[in-house]
Number of protein chains: 2
Amino acid sequence: MVKDHTTEAKIKDAARNIFISKGFNGCTSREIAKEAGMNVALVNYYFKSKGHLFDIVVSSVMKEFTLSMIDIFKSNIPLINKTRIFIDKEYEFLSKHPEIPNFIITELGKKDKSFFELLDINNEIKEAKIFEQIEESQKIGEMRKIDIVSIMLLMMSNCHFPFIAKPMVQMINSLKDDEYEKQLVIHKQYVTEMIIGYLFPTK
Amino acid sequence: MVKDHTTEAKIKDAARNIFISKGFNGCTSREIAKEAGMNVALVNYYFKSKGHLFDIVVSSVMKEFTLSMIDIFKSNIPLINKTRIFIDKEYEFLSKHPEIPNFIITELGKKDKSFFELLDINNEIKEAKIFEQIEESQKIGEMRKIDIVSIMLLMMSNCHFPFIAKPMVQMINSLKDDEYEKQLVIHKQYVTEMIIGYLFPTK
DNA sequence: CACTAATTTAAACGTTTGTTTAAAGTTTTT
DNA sequence: AAAAACTTTAAACAAACGTTTAAATTAGTG
C-alpha cells in the first residue's frame, strides 16, 4: 500500500485511510497528522488546508474507483462476457476496498457539479465506446432494450449495495465478518445469473 | 409532518431533519436549536445530550423504516404478489424519504451490536412469518432455492441503491432532479421484472 | 394573590477545532 | 564553510464546539 516515503505521501496516505473510514467531519487534522507520524502544521504546509487535502483524496479515490470499471469497458470482448467480467472485477475491487462506495456516495453528495466536472470521468467513459457496444448489442436483439442509466443502476446496485449495507445486513442476520464474506461469494453468483439472464434473455 | 407543537417535539423534529441530511458529525447542537426556533440549552434540557438525542432519532427512523417492510411481510397474500408489493412500497417509501437508507447505513455502522438489539427488529421480522412462507414456496418449487440473506440482499440492493447513489448517478449522467425521478419510475419496472423473473422462474 | 414548579434564556465553562506563527533543524546551493 | 532555501516542530491563535450554570420568565396550584 505504501507507495512513497516522502512526508507528503505519508500525509496523503494517512488522510486517505482516515477520510474513507470516518468522513470529512468525522476526523481532525491532528488525527491525520498523528496517523502519519508527524506534526499537525505539516498537513497545512504541504496541503493548504484540511478541505484542500480532502478534495485531493476524493479525486484520487474517484479516479481509482472508476479506473477499474473503465478498463473493462475498453476491452475488446463480447458484451455478455464483458458483463460477467464487470461483476467479477467489481466484487474483487470492492472486497479490497469495501468502504469506498459509501465514501464516494456520502461525500460526493456534498460537492457540487463543478467539482465532479474537474475529474473528467465522463469523457473517459465516452472514449471507452461502451455505449456504442450496448446499442449495437440491443440492435441485433442480443441485449434487452433498456436505457443506459437503468443498465448502470442494475449493475451498480447489485455490486455495490452488498458492500455499502454490510453493517446493516450483518446486524439483521447476526453474521460475523468471515460469514458475510462467504455470503458475498455466493451472492455474486446469484447476481451474475440474474443480471445475465435478464439483460440477455435469449442466451 | 409536524405531529406535535410541544417544545420537545419541535426539537426532535428539527433534529431528525438535520441529522438525516447532515449526519451526527455534520451538524451542531446550536443548528438544531435554531431550526427548532429556540435556545441551545433547551436541547440538553429535554434530551440529556446531543448524542442521546441522536440515538433517539436513529431509533425512531429505524422503526419507521422497518415498519413499512414488516407490514408487507405480515399480509396474508401469495409470495409473488408480496414480492411485487414489497418493491412497490419500498420505492414509494423511499421516494418520500430518499435520505433515510444512506443515513441508516452510515450511522448504524458506527453503532455497536447492543444498540441494534435494543430496537428489537429481528423479533418483529420473525413474528411476521415471512421466512416460513419463503421456505414453503421454495419447497413446492415455486420460488428459486436461494438463502434468505441473498434474497434480502437482492431486494434491498435494487430498491435502495437507486436512492442511495442518486447524487453519483445524477452526476455521471447529467440528470436533473425531475429527470432522475422519472428514471426511477422506469427503473422500478425493470427491477420488478428482473427479480420476479429470477426468483420465480416458472411463472 | 402568593408560592412553587417547570420552562426558557443569556451567558459562560472548559475543550477542541482548523490554522498560523516563529523559531529550530536540515538540506541544498554558492 | 557560509548563505539560502526547505523542512519540521512547538506553541499560540481565534472560533466553534457540547455542555452547564444561574437568572428570568411562564405556568400551575392552594
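Each chain gets a letter, A, B and so on, in the order its sequence line appears, and its residues count up from 1.
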Kindly write out the residues that satisfy salt bridge (Lys or Arg N to Asp or Glu O under 4.0 Å) with A:Glu35, not counting sequence neighbours, or none if the list is empty.
-> none

Anything under 4.0 Å to a heavy atom of chain B counts; send over the first and last such nucleotide of DNA chain C, read 5' to 3'.
-> C:dA6 to C:dA12

Would you find a donor on one side and an acceptor on the other, under 3.5 Å apart, between the side chain of B:Ser157 and the backbone of B:Leu153?
-> yes

Using a cutoff of under 3.5 Å, can you pull out all pairs of nitrogen or oxygen atoms linking the protein to nucleotides 13-16 of chain D, with atom names and distances?
none

Are a donor atom and an acceptor atom from the side chains of B:Asn173 and B:Gln183 found within less than 3.5 Å of each other?
-> no

Under the salt bridge (Lys or Arg N to Asp or Glu O under 4.0 Å) test, residues paired with B:Glu124 that sit two or more places apart | B:Lys63

Applying salt bridge (Lys or Arg N to Asp or Glu O under 4.0 Å), name anything that partners A:Lys176, two or more places apart in sequence or on another chain.
-> none

Non-neighbouring partners of A:Lys48 that pass side-chain hydrogen bond (donor to acceptor under 3.5 Å, both in side chains), sequence neighbours left out = none

With sequence neighbours excluded, what pairs up with A:Asp55 under the side-chain hydrogen bond (donor to acceptor under 3.5 Å, both in side chains) test?
-> A:Lys111

If we only count heavy atoms from C-beta on, is the B:Met62 to B:Val58 side-chain gap below 4.5 Å?
-> yes

Salt-bridge test for B:Lys129 and B:Glu136: reply yes if a basic N is under 4.0 Å from a carboxylate O, no otherwise.
-> no

Residues which pass side-chain hydrogen bond (donor to acceptor under 3.5 Å, both in side chains) with B:Glu90, listed by chain and number, not counting sequence neighbours | B:His160

Is there a residue in residues 33-55 of chain A whose heavy atoms reach under 4.0 Å of DNA chain D, and which residues are they?
-> A:Met38, A:Asn39, A:Ala41, A:Leu42, A:Tyr45, A:Tyr46

Taking side-chain hydrogen bond (donor to acceptor under 3.5 Å, both in side chains) as the test, write out the residues that go with B:Lys110, two or more places apart.
-> B:Glu107

Residues passing the salt bridge (Lys or Arg N to Asp or Glu O under 4.0 Å) test with B:Glu117, sequence neighbours excluded, are none

Can you pull out how bent the helix from C:dC1-D:dG30 to C:dT30-D:dA1 is, comparing the axes over its first five and last five pairs, to 10°?
-> 10°

